[in-house]
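Data first, discussion second: the structure below is written as structure tokens.
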Amino acid sequence: MRFVASTMPFLRSYKMIDQKIYKPNIIEPKWQERWEKDGIYKSDIDKNRPKYYALTMLPYPSGDLHMGHWWAMAPSDARARYLRMKGYNVLFPIGFDAFGLPAENAAISRNIHPRKWTYANIEKMRKQLRSMGAMFDWRREAISSDPEYYRWTEWFFTQLHKHNLAYRKKAPVDWCPKCNTTLAREQVWGEDRHCERCNTPVIKKELEQWFFRTTSYAEELLDFSHLDWPERVRLLQTNWIGRSEGASVIFHTEQGDPLEVFTTRPDTLWGATFMVLAPEHPLVEKLTTSAQEAEVKAYIAQTLRQSEIQREATDKEKSGVFTGGYAINPVNQKRIPVWIADYVLMTYGTGAIMAVPAHDQRDFDFAIKFGLPILPVIDRTDGLTKSFVSCHSVVDGFIDAIEKTGFSYEENSEGWNFTFPVTKTDEFIQVIKEFIASKGWVEVVGSKWVFVFENEIIVWDSVEKDQQILKLCVERNADAKQYRTLMEMLWQRPFYRDALYHDGYGTMINSEEFSGTPGDLAKEKVIAWLQNQGTGKGMVNYRLRDWLISRQRYWGAPIPIIYCPEHGAVDVPEDQLPVLLPDDVEWKPTGESPLKLHPTWKNTTCPICGKPAVRETDTMDTFMCSSWYHLRYLSPHYDKGPFDPREYDYWMPVDTYTGGIEHATMHLIYTRFFHKACRDMGITKGPEPMIQLRNQGIILGEDSEKMSKSRGNVVAPDELVARYGADTVRAYLMFFARWDMGGPWSSGGIEGASRWLRRIWTFYQNLPKPGKPSIETLKNLRRKVHQTLKQVTHDYESFEFNTIISGLMELSNEMIKAGEAGAAGTKEWQEALEIFILMLAPASPHIAEELWSVLGKPYSIHQQPWPEFDPEAIIEDLITLVVQVNGKVRDRIEAPVNITDQEAKNLALQSNTIQKFLEGKEPKKVIIVPGKLVNIVL
RNA sequence: GCCGAAGUGGCGGAAUUGGCAGACGCGCACGACUCAAAAUCGUGUUCCUUCGGGAGUGAGGGUUCGAUUCCCUCCUUCGGCACCA
């Protein structure tokens, strides 16, 4: 009895038994029953009408329909209803994504069977869904945990396996210790790599698991040309798939083993001064010399341990060890050391890299830390050139001389910092040469790399020169002894830092015959050359991984595989599908599938040889179920295949798919992969499963935080429906925010929507008496009606639900005013009454049906055609001519709509208000926007 | 760090193409009805003002007769990715 005070109007209305008071709790169930009985929302194949498949993401049966479901579904339903009125044969189905962990967790904590828990929840949610008054065709309801459904989930697995798109491999996989199962990469979130469902940090486990070859479709998944999807989702998917173009280059170890690397920068090959392998790389053992063995083994052990306890995100410091082994750089035959480091991942590329420290930030950090040689091989594109001149390096008179030549500098206690364009380098060196002290040197860095000594000028253009120059420096200043490379020495001077490293595409330098190749051609030229030499080739790499689908849980579709000692992994024959889940299992979380611990379930015989064999005991990721539910809706009870091909040919593809953005890199990639794989197996047709996608935003609690039970900010739709009625909740949800944005809930706002519907109700129940309206009144009324119709039609097409309701609110305000002005009883009046209710029908279907019948119109409003606006009617005959002086609005003049520019100008100049602002001056210029505005420039 | 989106009254938000900023609603104030309250209806509501006006769409600059809208720089918030070679 929380709402005693506010339910008062309803309570009173019961007592008064007054038909004229709006009672949504009476009319809503009444119409829902009638619609159900008459079957007005049955969607059957009808080749005479254009089809429209409107799909909303299916809910998980958690047991409660929350505000997010309403926010996602109610406006989608309104739009589906609008399309139906537009003449489409609309399919708007519903079902349940009914497999999954929460059911099993409930079983563990409350000792209820997952099936019982799930189906009780479904029953409850069906009731809640019905209260929404949506046009779901319940005959097409599909539940993924029904054997008649998962029979086909298993069947799809078998098909994928037969076509080599499903495979089994041992791999380090992400494991959630709380959910006691493996997770797909997409289900691991955040910096601390936690489980998407329960937030527990995941650990790595080495397990034999089933995968789908999503990577085979990486390139095609990047093609969105057949899709009308939000840019945001396309971008998320594009980044997730992570295409990078480059080359595969084959290095060789000194012992002669090929060592393949992937690089996006083949143009930097001459700057590859060392190599780094992932600690798990197969060649590590062979490369490691006995002297380095202990260190290497310790490092490998450390990284393995680290990956289990999670690498600290704060620990960005590079680590690694030298193997003692060397490789040969194939472009210049130079011998370069091979290291191992955990910044190279075994799971990307080949698990080995060529390190180009001068042009890759990570390699640079690594080289600086371990004193490895760094050689710039790409010219800077910004021409940044720097030189620090110590006062000990030059003799008296230097600074006067350099000033005379026009160089500017910053002075500090040690000397002078120069920054100048690369074109002035020679001039700079000339002056330095003249004033260089015998125990000094001066270096130029950035766009040129030159060291000036008393007797010679040395250009730093090779790794050999690095050491040679360093030696000369040490001779002059013993402090330099501590540095292993020139770059390490230069790095100590903060002034230089921004000039030492860059990763831009500039002209190649220090690269033998390729030196001088411009940056925009460098990559392709080197790739062509590598290909010619047989040492490499162009290659594309993707960040996307294959989809790990094994789950060590009970409540999912079993993976239909039998392991035979003789024949290996054998598919369960199609006529034996589905592999049914046993009912009697132990829930205790052990880290093994409960199916594995069942005493008999896994024992079977090999379909090939008939000898004893065991079943796969893992179940499938539930994203597998949701990858094809849009197909099961077409014929949920069909038993000759996953779907009835006649239904498929009529309804597919999905025309509009609505749901949350959180699925961008999970469900929405999986379902596209699934469709394309099925297409290649001859099961589905067309390039894509869902043509148009629109995402709703998220509704937050009133405190602007995510709704959650623990926060106590959950707004329950059931309570709102009981208090205000579904029509009000629907209208308010459409009104209160942009659908694609969402935002914090406002309990005050819904009162506004409630008032509005009550006002409409009262208005239609007590229509004003006919009067003597002016022609103007009627014309204005009709204009407003048709303008609103045009706008609302447009807004339904483009998912702008909030302006649909505000437009209808405006119109209803106008209609009330027109009624007061005596418009009742005219044909314009009647038209307004009807069109308004027709436009309201998709948003608030029950009140619309009731008021439609009050108008004496035939049942059902939801089978009426959407009205067409009259282009003649929307034309204004008076415009407000805005008159500006110097861009500021100074006057507004009513003028006929067809006013000429000259007339508009005259009218503006004649206005008394404007005269005042002109102050007798002659306008310099008059800008006229026809029918809108005059701007007088003084 | 990289990529992306968004910043408009007290609040949610509106503004077809660069052309009247703040539609519609909430809230608030005042008034009507009422013994009273609720509900309902009406009026007002960006800020400042010397009542002439002036300022104003995160901040600063630019293009333009004219910028919430286009361009540049920056700030804040949110989302995604994060040693991806």
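A, B, ... follow the sequence lines: proteins, then strands. Residue 1 opens every chain.
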| field | Any strand: nucleotide that pairs with B:A21 via Watson-Crick or wobble, under 3.5 Å | value | none
| Are any of the side-chain nitrogens in A:E231 or A:R234 under 4.0 Å away from the carboxylate oxygens of its partner? | yes
| query | Which comes earlier along RNA chain B counting from the 5' end, the contact point of A:K790 or that of A:Y542, where each point is its nearest nucleotide? | reply | A:K790
| Considering every strand shown, what is the Watson-Crick or G-U wobble mate of B:G79 when both distances are under 3.5 Å? | B:C3
| said: Just to be sure I understand the rule, does A:T350 reach a base, reach only the sugar-phosphate, or reach nothing, if contact means heavy atoms closer than 4.0 Å? | reply: nothing
| task | Report which part of the nucleic acid A:N935 touches: base, sugar-phosphate, or nothing (heavy-atom distance under 4.0 Å, all strands). | result | base
| Whom does B:A67 pair with, Watson-Crick or G-U wobble, provided both distances fall under 3.5 Å? | none
| query | Quick one: are the ring centres of A:W745 and A:Y732 less than 6.0 Å apart? | reply | yes
| task | Please measure how far the C1' atom in B:C24 lies from the corresponding atom in B:G19, and state the result in whole Å. | result | 23 Å
| remark: When rounded to whole Å, the CZ to C1' distance for the pair A:R738 and B:A23 reads 16 Å
| field | Between B:C11 and B:G27 - C1' atom distance, rounded Å | value | 7 Å
| said: Please identify which of these residues, A:T263, A:D267, A:T268, meets the side-chain hydrogen bond (donor to acceptor under 3.5 Å, both in side chains) condition with A:R265. | reply: A:D267
| Hey, does A:V929 reach any base, or is it just sugar-phosphate, or nothing, if we go heavy atoms under 4.0 Å? | base
| request: Could you tell me the separation between the CG atom of A:L277 and the P atom of B:C83, rounded to a whole number of Å? | output: 19 Å
| message | Under 3.5 Å for both donor-acceptor distances, Watson-Crick or wobble: does B:U40 have a partner, and if so which one? | response | B:A32
| message | If I take atom CH2 in residue A:W761 and atom C1' in nucleotide B:U40, what distance separates them, rounded to the nearest angstrom? | response | 18 Å
| task | Could you check A:M354 against A:T880 and say which one's nearest nucleotide on RNA chain B is further toward the 5' end? | result | A:T880
| When we call it a touch if two heavy atoms are under 4.0 Å apart, what does A:L236 touch: a base, just sugar-phosphate, or nothing? | sugar-phosphate
| With distance as the sole test, does A:S754 use its side chain to make a donor-acceptor pair with the main-chain N or O of A:Y724 at under 3.5 Å? | no
| said: Need the pair for B:G27. Rule: Watson-Crick or G-U wobble, both distances under 3.5 Å, any strand; none if unpaired. | reply: B:U45
| Between B:C41 atom C1' and A:R759 atom CZ, what is the distance in whole Å? | 10 Å
| task | Rounded off to whole Å, could you give me the CD-to-P distance for the A:E810 and B:A15 pair? | result | 11 Å
| query | In terms of ring plane angle, is the pair A:W761 and A:Y22 parallel, tilted or perpendicular, where the classes change at 30° and 60°? | reply | tilted
| said: I'd like the P distance from B:G62 over to B:A67, given in whole Å. | reply: 12 Å
| task | Using a heavy-atom cut-off of under 4.0 Å over every strand shown, decide if A:L933 touches base, sugar-phosphate, or nothing. | result | base
| message | At 4.0 Å (heavy atoms only), tell me whether A:F735 reaches a base, stays on the sugar-phosphate, or touches nothing. | response | base
| query | With both distances under 3.5 Å as the test, what is the Watson-Crick or G-U wobble partner of B:U73? | reply | B:A59
| said: Less than 4.5 Å apart, side chain to side chain, heavy atoms only: is that true for A:F836 and A:I760? | reply: yes
| message | Taking the C1' atom in each of B:U63 and B:A14, what is the distance between them to the nearest angstrom? | response | 27 Å
| message | Can you identify which nucleotide, out of B:A15, B:G4, B:G12, has its nearest atom closest to the A:E800 side chain? | response | B:A15
| query | Roughly how many Å is it from CE in A:M734 to P in B:G13, rounded to a whole number? | reply | 16 Å
| query | Do A:Q884 and B:G19 have a side chain to base donor-acceptor pair shorter than 3.5 Å? | reply | yes
| request: Can you check whether any acceptor in the base of B:C65 is under 3.5 Å from a donor in the side chain of A:K924, or vice versa? | output: no
| request: Looking at every strand, decide which applies to A:T263 at a 4.0 Å heavy-atom threshold: base, sugar-phosphate, or nothing. | output: sugar-phosphate
| note | Assigned chi class of B:G44 under the 90° convention is anti
| Base, sugar-phosphate alone, or nothing: which one does A:W240 contact when heavy atoms must sit under 4.0 Å apart? | sugar-phosphate
| Does B:G27 sit syn or anti, given that only angles within 90° of 0 count as syn? | anti
| request: Name the nucleic acid region contacted by A:V344, choosing base, sugar-phosphate or nothing; use a 4.0 angstrom heavy-atom cut-off, strictly under. | output: base
| request: For A:G742, answer base if it contacts any base atom (sugar-phosphate contacts may also be present), sugar-phosphate if it contacts only those atoms, and nothing otherwise; contact means non-hydrogen atoms under 4.0 Å. | output: sugar-phosphate
| request: Given ring pair (Phe, Tyr, Trp, His ring centres under 6.0 Å), test A:F366 with A:W339 step by step and report yes or no. | output: CA-CA 10 Å; A:F366 195 82; A:W339 286 59; 5.5 Å; yes
| task | Take atom P in B:U64 and the same atom in B:U49, then report the distance between them in whole Å. | result | 36 Å
| message | Just to be sure I understand the rule, does A:N541 reach a base, reach only the sugar-phosphate, or reach nothing, if contact means heavy atoms closer than 4.0 Å? | response | nothing
| said: Under 4.0 Å, heavy atoms only, any strand: does A:R890 hit a base, just the sugar-phosphate, or nothing? | reply: sugar-phosphate
| task | Classify the nucleic acid contact of A:G743 as base, sugar-phosphate or nothing, counting any heavy atom under 4.0 Å across all strands shown. | result | nothing
| message | So, applying side chain to side chain contact (heavy atoms under 4.5 Å, CB included) with A:V883, which one of A:I936, A:L907, A:N935 is it? | response | A:I936
| message | Just to be sure I understand the rule, does A:R232 reach a base, reach only the sugar-phosphate, or reach nothing, if contact means heavy atoms closer than 4.0 Å? | response | nothing
| request: Can you tell me, in whole Å, how much space there is between the P of B:A39 and that of B:C48? | output: 29 Å
| Expressed in whole Å, how much space separates the P atoms belonging to B:C78 and B:G12? | 16 Å
